[in-house]
Asks: 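This is the structure, below, for whatever I ask next.
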Amino acid sequence: MRSYLENPVKITLSITKSCNQACKLCYCDCSAEPSSEELSTAELLRLIDYLVENGFMQVYIEGGEPLHRPDMMDVLRYCGRKLMTLLRTNGNLIDGPRARELKAIGVGRVLVDLMGARPQTHDEHAGIAGSFARACGAVAALVEAGVPTDVLTILNRRNVDEMQALLELAHRIGAERVGILRLYPLGRAKRCWPEVALSLDEQMRAIRALDPPDGLGLMQSWHPRDHNCCWQSATVDAFGNSIGCVYLREYVNYGNIRATPFLDTWHKDPLYRRLRSGEVERSCPDCSASQGTDGGCRSTAYAFHGRWDAPDPFCSQTNDGVDLRVLPERLLEKSGKRPRSPVA
Amino acid sequence: MEVCIVFTPDNPNLFTLNSTAWLVFDLCDGRSWKRLQKAYYDAVEPLRSPEEARDELMGVVSDLERKGIIERNPVVRTLRPRPGARGRKTGVASNEGR
């Protein structure tokens with residue numbers, strides 16, 4: 001089985017499981033205090049050196065809330081001119097001076113989460129009052145400082161009626177693009193799934209109804225744009241585990257970089273190679289044509305079907321009657337995270 | 001198949017270069033315009049006439065400058081990567097069997 005990409009170009013660092021908010025749908029199930037087991041500053045800087053030495057070109061940093069780590073600005077400063085650096089954040093720790101500092105140290109793009117177009121919707125999700133205002137302020141400050149800035153949101157029952165308003169808000173405050181992300185059955189979202197999950201019909205209606213303002217880019221991954229991005233996915237979590245993609249965090253562990261060089265996990269783990277090969281049972285032809293990949297998202301395929309090569313039920317052409325509002329029982333059991341597979 | 005990716009830290013961005021642009025980027029190693037022209041023509045002939053090669057090269061150099069990937073030293077008339085700009089080829093396996 002031949003993996004499509006010989007060596008990775010980009011990597012995600014899910015750099016902390018700590019956060020200054022208490023989001024209802026948190027995939028990481030974050031805590032206010034960072035764990036002592038998280039990669040240290042020195043380990044992160046060594047990892048960045050390793051990435052540069054081994055030809056990586058881009059790092060995407062998310063969390064938790066990355067800026068909640070006391071050393072985050074030092075880490076960003078270290079990688080800003082070595083790698084194309086993207087930062088995903090709740091924005092609550094970004095004001096004018098910080099935005100200018102992010103620009104100065106070379107952060108290439110910032111993505112700010114907004115979970116609704118109304119303060120009540122977003123703040124209810126974030127678990128703290130004032131989060132919406134600070135997030136919007138962060139977008140405006142970043143734009144003012146000259147940092148390319150996007151808005152991200154996770155489509156769910158609590159914000160589905162606000163998507164168009166969110167596009168218009170994002171455009172007004174200067175965001176270049178809005179990314180509407182699907183809801184994944186991970187962390188806290190999994191535990192409140194019946195309250196927040198939409199049927200596929202409801203999701204498609206919401207996406208099809210969108211009319212982005214002129215000049216605003218829209219990113220979404222529903223039919224016919226359901227892509228299987230495993231072919232290039234590389235992620236290291238806060239504890240140094242190589243997990244391929246942040247959305248696979250509860251299902252896989254290809255090895256820990258404290259013991260195994262990252263590229264050894266990339267080249268040698270059989271499941272990692274299998275997922276990157278792109279081989280699936282079947283695929284939507286429209287999504288394949290538009291995305292150049294087959295089968296759609298492996299995380300949601302595995303979550304709902306329990307098979308790595310199953311079709312993605314989030315594509316209307318390969319949904320096969322799966323009700324996305326109902327999770328399989330096995331997902332709600334104690335995490336069945338795959339134990340570390342032996343190096344081949 | 002290989003694709004070529006360049007990172008430009010001055011105005012942070014990633015660019016994917018086609019094979020022509022990658023060749024030009026590779027050749028912009030501090031050589032003069034005249035030597036660049038000769039090297040490019042040597043690489044593409046007989047597919048291009050000297051005039052076609054020159055016109056094509058001018059277009060690619062202009063595009064790479066606009067993107068901040070290379071810079072021109074007007075005094076000594078040489079071309080080289082912008083400080084910090086770096087590129088790599090990334091091997092992409094064929095899609096046989098996909």
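Chain A is the first sequence line, chain B the second, and so forth, proteins listed ahead of strands; every chain is numbered from 1.
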Asks: With a sphere of 6.0 Å drawn around NZ of Lys67(B), does it hold more than 12 non-hydrogen atoms of other residues, nucleotides or ligands?
Replies: yes
Asks: Atom CZ of residue position Arg54(B) - does it have more than 12 heavy atoms of other residues, nucleotides or ligands inside 6.0 Å?
Replies: yes
Asks: Would you mind checking which part of Val107(A) comes under 4.5 Å of any heavy atom in chain B, side chain (CB onward), backbone (N, CA, C, O), both or neither?
Replies: backbone
Asks: Rounded to the nearest 0.5 Å, how far does CG of Asn7(A) lie from NZ of Lys89(B)?
Replies: 14.0 Å
Asks: Using only atom types and a distance under 3.5 Å, with no angle test, would you say the side chain of Arg109(A) pairs donor to acceptor with the backbone of Pro12(B)?
Replies: no
Asks: Got more than 12 heavy atoms from elsewhere within 6.0 Å of CE, Met58(B)?
Replies: no
Asks: Are there over 12 heavy-atom neighbours, none belonging to Glu144(A), within less than 6.0 Å of that residue's CD?
Replies: no
Asks: Can you confirm whether Thr8(B) sits close enough to Met84(A) that some side-chain heavy atom of one is under 4.5 Å from a side-chain heavy atom of the other?
Replies: no
Asks: Is the CZ atom of Arg80(B) crowded by more than 12 outside heavy atoms at less than 6.0 Å?
Replies: no
Asks: For Pro8(A), is it the side chain, the backbone, both, or neither that has a heavy atom closer than 4.5 Å to a heavy atom of chain B?
Replies: backbone
Asks: If you round to the nearest 0.5 Å, how far is OG1 of Thr90(B) from CE of Met57(A)?
Replies: 9.5 Å
Asks: Going through the checks in order, is the side-chain contact (heavy atoms from CB on, under 4.5 Å) test met by Arg86(B) and Leu83(A)?
Replies: CA-CA 10 Å; Arg86(B) 64 185 179 91; Leu83(A) 297 161; 3.3 Å; yes
Asks: Check Pro83(B) against Arg81(A) and note the closest heavy-atom contact, atom names and distance.
Replies: O-NH2, 3.7 Å
Asks: What I'd like to find out is whether the side chain of Ile5(B) reaches to under 4.5 Å of the side chain of Gln58(A), using heavy atoms alone.
Replies: no
Asks: Heavy-atom distance under 4.5 Å to chain B: side chain of Lys82(A), backbone, both or neither?
Replies: backbone
